[in-house]
Amino acid sequence: MTLKHLNFDELSDLIDNELSEQQKDYCLAHITVCKICCKEYESLLKCISLLSSLKNECIAIPDFSERTLTICRSREKKRLFLKAVPAIAASVIIIAGAGFIRTGFFNESGSYVAANLSGHNETQRIIESVGNSKGRILKITHSFIDGEFDKNSLSAIERILHKNNIKHAVIVNSGMLVNPSTGKMEDVNFTYGNGSVSGNDIYKNQNYATIENGKVRIRIFK
Amino acid sequence: MSLINDIEIINRVIEGDKEAFSQIVKKYQNMVFKYVYYQFNNYDEALDITQDIFITVMEALQSFRQESKFSTWLYSIMVNHCKNYRKKMNRYSTVSLKVMRGEDEVDLQLQDYRENPAEKVVNEDSIRIIKEEIEKLPDDFKDILTLRDIDGLSYNEISEILGINLSNVKVRIHRGREYLKNRLHARGLI
């Protein structure tokens, strides 16, 4: 039997049964003859048995099950609520958006129409309404403004004009309209100001006089 | 049998029968509490941490892939939770409960009105000393000795729980035991 002492790792592995049969036999044989290693072995065994004794230590603890379930339930509710927040926000935005559209805050093509034009002078209000409805202004005089719009936005611009009590009349393709003040049919003279008409201007004038498909012209009275 | 039961219960919980989780808690609460208690040697802290561990387990149950034993998975959550808690606590400075008596600094004696669970153990002194020494162990040794020598887990289970290879498990167990044995020897316990 060799007198070389066992190292700590061998003793530890011996207790945990981590040695091969041959190594185990060797270590056990050594321990029986070597007092130093035997003492080391017993110390280590005691150390481990003290640790193991803690497993059987009786410690009074409350039942965690009910409290765990309660906490988990409340956290789940909170999580579900937080998950729903974006959906709620989206619903509010959609409902508000639908409300604005129904009240005429937006016209059918989606462009903004100034619904509340108070605080502007009348000409400004009309120009702004025409511009915001993607229309274009054809003529401005002291008494009226002619504007051209998409047929699609006709109902929207009319609604705005009605709302603001602005008198207006739709010009038919023949260049006639019913004057809302007099109730009489009038011929609309589609000319540019009072200047002479050049060759180019004739083309422009004809173009101006002919209402394009999908467009509508409205005379808005001040 | 235990494995089948655990998995049956877990499947029930995942399917919506949350109440079934109480069976898991009742089965493992002692084991979890003791591990935490020996890590921190503080009853109240151990109660709170154990509670948090079960909440974490329940909320993470969907991610349990059933490739290992449920207890192993629970152990790994428990070990990681304790590690994180320790790290968190290390970030906060602690106030020493010491007072000056003359020129000596002595521990401030605070009355603990709670029943001391350790009183029920036969060898009070040995238990007290071993608990103190476990608490003083470096964290790596504390984890591994609790798992191996208190909970009695195999080397393979420890390797899986701690995410280290078997030879590292062995080395840590050797070093931890050697360290603790020397400490207990110095305290006259062995």
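- The distance from atom CZ of A:Arg67 to atom CD of B:Gln51, rounded to the nearest 0.5 Å, is 5.0 Å.
- Looking at A:Ile61, the atoms closer than 4.5 Å to chain B (heavy atoms on both sides) sit in the backbone and in the side chain alike.
- Taken to the nearest 0.5 Å, the CG atom of A:Asp13 stands 5.5 Å off from the OH atom of B:Tyr155.
- Residues A:Asp16 and B:Arg148 are in side-chain contact: their nearest non-hydrogen atoms beyond the backbone lie under 4.5 Å apart.
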Would A:Arg73 and B:Glu19 satisfy salt bridge (charged side-chain N to carboxylate O under 4.0 Å, His left out), going step by step from the backbone distance to the final call? CA-CA 10 Å; A:Arg73 272 192 217 109; B:Glu19 301 291 324; 2.3 Å; yes
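- Residues A:Leu11 and B:Glu178 form no side-chain contact, since every pair of their non-hydrogen atoms from C-beta on lies 4.5 Å or further apart.
- Between the OG atom of A:Ser65 and the CD atom of B:Gln29 there is a distance of 6.5 Å, given to the nearest 0.5 Å.
- Within the 4.5 Å cutoff, the side chain of A:Arg79 has heavy atoms near those of the B:Glu59 side chain.
- Of the atoms belonging to A:Phe8, it is side-chain heavy atoms, and not backbone ones, that fall under 4.5 Å from chain B.
- Between the CD atom of B:Glu133 and the SG atom of A:Cys47 there is a distance of 10.0 Å, given to the nearest 0.5 Å.
- Separation of atoms NZ (A:Lys55) and CD1 (B:Ile150) is listed at 10.0 Å; rounding is to 0.5 Å.
- Just one residue in the list B:Ile127, B:Thr146, B:Asp149 forms a side-chain contact (heavy atoms from CB on, under 4.5 Å) with A:Leu54, and that residue is B:Ile127.
- Here NZ of B:Lys181 is found 3.5 Å from CD of A:Glu40. Values are rounded to the nearest 0.5 Å.
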